[in-house]
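Reviewing the structure listed below.
So you know, we letter chains A, B, ... as the sequences are listed, proteins then strands, and number each from 1.
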Amino acid sequence: MTGKIPLLVLAGPTAAGKSDLALRLAPLLETDIISADSAQVYRGLDIGTAKPSAGERRQVRHHLIDMVDPDEDYSVADYQRDAQRLIGRLWSGGRLPFMVGGTGLYLRAVTENYAFGKRGGEGVFRRRLEAEADAAGSEALHERLRARDPAAAERIHPRDRRRIIRALEVFTLEGRPISEQVERTRKGEAPYRLLTFGLTLPRPLLYRAIEERVEAMLERGFLEEVRTLLSRGYRRSSPGLQILGYRQLAACIAGEISREEAVREIKTQTRRLAKRQLTWFRRDRNMRWLDLSAAGGVERAVEIIRGGVKEILA
RNA sequence: GCCGAGAUAGCUCAGUCGGUAGAGCAGCGGACUGAAAAUCCGCGUGUCCCCAGUUCGAUUCUGGGUCUCGGCA
């Protein structure tokens with residue numbers, strides 16, 4: 001017995017059936033759902049993020065949904081803090097912590113206990129460096145990073161300005177290299193006894209599910225939802241409106257692209273999102289894969305997961 | 001039925017003065033430590049419609065065929 005808290009994780013790409021499975025599982029395990037979804041943290045983004053309905057949330061308690069308004073920041077460090085606190089609380093209340101979601105970074109920050117520094121992102125700093133990157137190119141900033149934090153520069157591509165700027169930000173604000181954080185994480189110990197399941201589907205089925213889901217969202221009033229957000233005064237540049245789907249429909253409402261273009265773009269970008277999500281999860285060697293389109297479907301998946309849970313709690 | 005144009009990657013198309021071919025989009029693979037549904041990197045995946053002829057060699061030239069799209073009937 002290690003004394004570590006057991007943690008059940010259900011990961012998977014968008015539209016693979018995570019929510020349905022989790023909704024079935026949670027009552028059987030007599031526990032709640034801890035969402036690991038970077039889009040569902042925004043209040044008011046309901047249809048386009050496939051957020052669980054009010055009814056579903058009455059059936060099973062969901063955590064870490066509706067955390068901030070669309071113009072507020074919510075970072076992976078916020079998520080890690082909130083999720084880890086919750087996991088401890090649930091476990092000491094006699095419940096198995098159960099994380100469900102598709103945001104690889106969020107899941108990993110929790111399960112591997114990423115060592116974050118003290119300082120988050122700062123708009124002023126970022127805007128200044130963005131301007132510099134526009135003027136001189138991200139490669140110039142990359143050179144600067146090489147001088148300050150060679151280890152980080154080695155890992156970050158010269159054109160990946162997001163990461164270059166963040167690395168410079170850490171160095172400037174905290175006075176130490178971001179690569180040190182990664183080192184600290186590597187040396188640290190995993191705080192949980194993990195049981196990790198990944199949902200997958202044959203690619204053609206996954207893509208068909210995405211297609212149908214986007215159509216269903218539009219029928220349920222996705223476009224109206226975006227209109228409402230804009231009419232409440234949220235700017236297109238605010239974090240919530242940068243989310244996939246919201247960004248494209250906002251462009252459509254602004255008259256920049258047609259509705260057809262917006263819908264096509266949303267579908268394409270969602271397929272790519274699903275692909276990136278899978279890339280993230282495939283990296284986890286301990287992931288046990290489940291395919292809901294395979295024989296037995298959801299029932300079989302439920303049994304497999306319950307079996308795994310029995311073992312980890314024994 | 002006649003006349004014309006076309007047929008090359010999943011799609012739209014370029015190209016080869018005869019030496020088995022390349023763009024965009026789509027797709028595939030990967031990275032990821034405070035924006036992550038973000039950001040970034042890598043990769044052509046092909047009976048060049050079919051059959052015959054000419055040729056050392058045909059996706060390319062010639063003939064025939066098939067199909068598609070225009071126009072005329």
Fill in the blank from the handout: Testing B/A35, B/A36, B/A31 for proximity to the side chain of A/Trp280, the answer is B/A36
Exercise for the section: Scan A/Lys267 against the nucleic acid and name what it touches under 4.0 Å (heavy atoms): base, sugar-phosphate only, or nothing. Expected result: nothing
Exercise for the section: Pick the C1' atom in B/C28 and in B/U16, then give their distance to the nearest Å. Expected result: 28 Å
Problem - Side-chain donor/acceptor contact of A/Arg163 with base of B/C32 under 3.5 Å - result: yes
Handout entry: Euclidean distance, atom CZ of residue A/Arg272 to atom P of B/C28 [Å, nearest integer]
Key = 9 Å
Handout entry: Interatomic distance, A/Arg108 CZ vs B/A36 P [rounded to whole Å]
Key = 17 Å
Problem - Distance between C1' atoms of B/C49 and B/G42 (Å, rounded) - result: 34 Å
Problem - Side-chain-base donor-acceptor pair under 3.5 Å for A/Arg166 and B/A35 - result: no
Practice task
Using a heavy-atom cut-off of under 4.0 Å over every strand shown, decide if A/Arg247 touches base, sugar-phosphate, or nothing.
Solution key: sugar-phosphate
Practice task
Could you check A/Pro239 against A/Tyr207 and say which one's nearest nucleotide on RNA chain B is further toward the 5' end?
Solution key: A/Tyr207
Practice task
For B/G27 and B/A9, measure between their C1' atoms and round to the nearest Å.
Solution key: 11 Å
Practice task
Just do the side-chain hydrogen bond (donor to acceptor under 3.5 Å, both in side chains) check on A/Glu261 and A/Ser258 with the steps written out, would you?
Solution key: CA-CA 5 Å; A/Glu261 282 174 297; A/Ser258 71; 3.3 Å; yes
Exercise for the section: For A/Tyr79, report the nucleic acid contact type (base, sugar-phosphate, nothing); a contact means any heavy atom under 4.0 Å. Expected result: nothing
Practice task
Answer with base, sugar-phosphate or nothing: what part of the nucleic acid does A/Val182 contact at a heavy-atom distance below 4.0 Å?
Solution key: base
Problem - d(CG, A/Leu278; P, B/G27) in whole Å - result: 14 Å
Exercise for the section: For A/Glu265, answer base if it contacts any base atom (sugar-phosphate contacts may also be present), sugar-phosphate if it contacts only those atoms, and nothing otherwise; contact means non-hydrogen atoms under 4.0 Å. Expected result: nothing
Practice task
Give A/Arg184 one of three labels, base, sugar-phosphate or nothing, depending on what nucleic acid heavy atoms sit under 4.0 Å from its own.
Solution key: nothing
Practice task
Would you classify A/Ala39 as touching base, sugar-phosphate or nothing, given that sugar-phosphate means primed atoms plus P, OP1 and OP2, and contacts are heavy atoms under 4.0 Å?
Solution key: base
Exercise for the section: Could you tell me whether A/Leu105 contacts a base, only the sugar-phosphate backbone, or nothing, with contacts defined as non-hydrogen atoms closer than 4.0 Å? Expected result: base
Practice task
Please figure out whether A/Tyr246 or A/Glu174 has its closest RNA chain B nucleotide nearer the 5' end.
Solution key: A/Glu174
Practice task
Scan A/Thr49 against the nucleic acid and name what it touches under 4.0 Å (heavy atoms): base, sugar-phosphate only, or nothing.
Solution key: base
Exercise for the section: Name the nucleic acid region contacted by A/Thr185, choosing base, sugar-phosphate or nothing; use a 4.0 angstrom heavy-atom cut-off, strictly under. Expected result: base
Exercise for the section: Pick the C1' atom in B/A58 and in B/C17, then give their distance to the nearest Å. Expected result: 15 Å
Handout entry: Check: A/Lys275 side chain, B/G27 base, donor-acceptor under 3.5 Å
Key = no
Exercise for the section: For B/U59 versus B/U20, give the span between their P atoms, rounded off to a whole number of Å. Expected result: 11 Å
Practice task
Please measure how far the P atom in B/C51 lies from the corresponding atom in B/U66, and state the result in whole Å.
Solution key: 15 Å
Exercise for the section: Answer with yes or no whether A/Arg264 presents, from its side chain, a donor or acceptor under 3.5 Å of a partner atom in the base of B/A26. Expected result: no
Practice task
Could you check whether the rings of A/Tyr246 and A/Phe222 sit parallel, tilted or perpendicular, using 30° and 60° as the cut-offs?
Solution key: perpendicular
Exercise for the section: Indicate, with a heavy-atom threshold strictly under 4.0 Å, whether A/Asp37 touches base, sugar-phosphate, or nothing. Expected result: base
Practice task
Could you give the distance separating B/G4 and B/G63 at their P atoms, to the nearest angstrom?
Solution key: 12 Å
Practice task
Assign A/Gly245 to base, sugar-phosphate, or nothing according to its heavy-atom contacts below 4.0 angstrom with the strands shown.
Solution key: nothing
Problem - P-based separation of B/C56 from B/U45 [nearest Å] - result: 32 Å
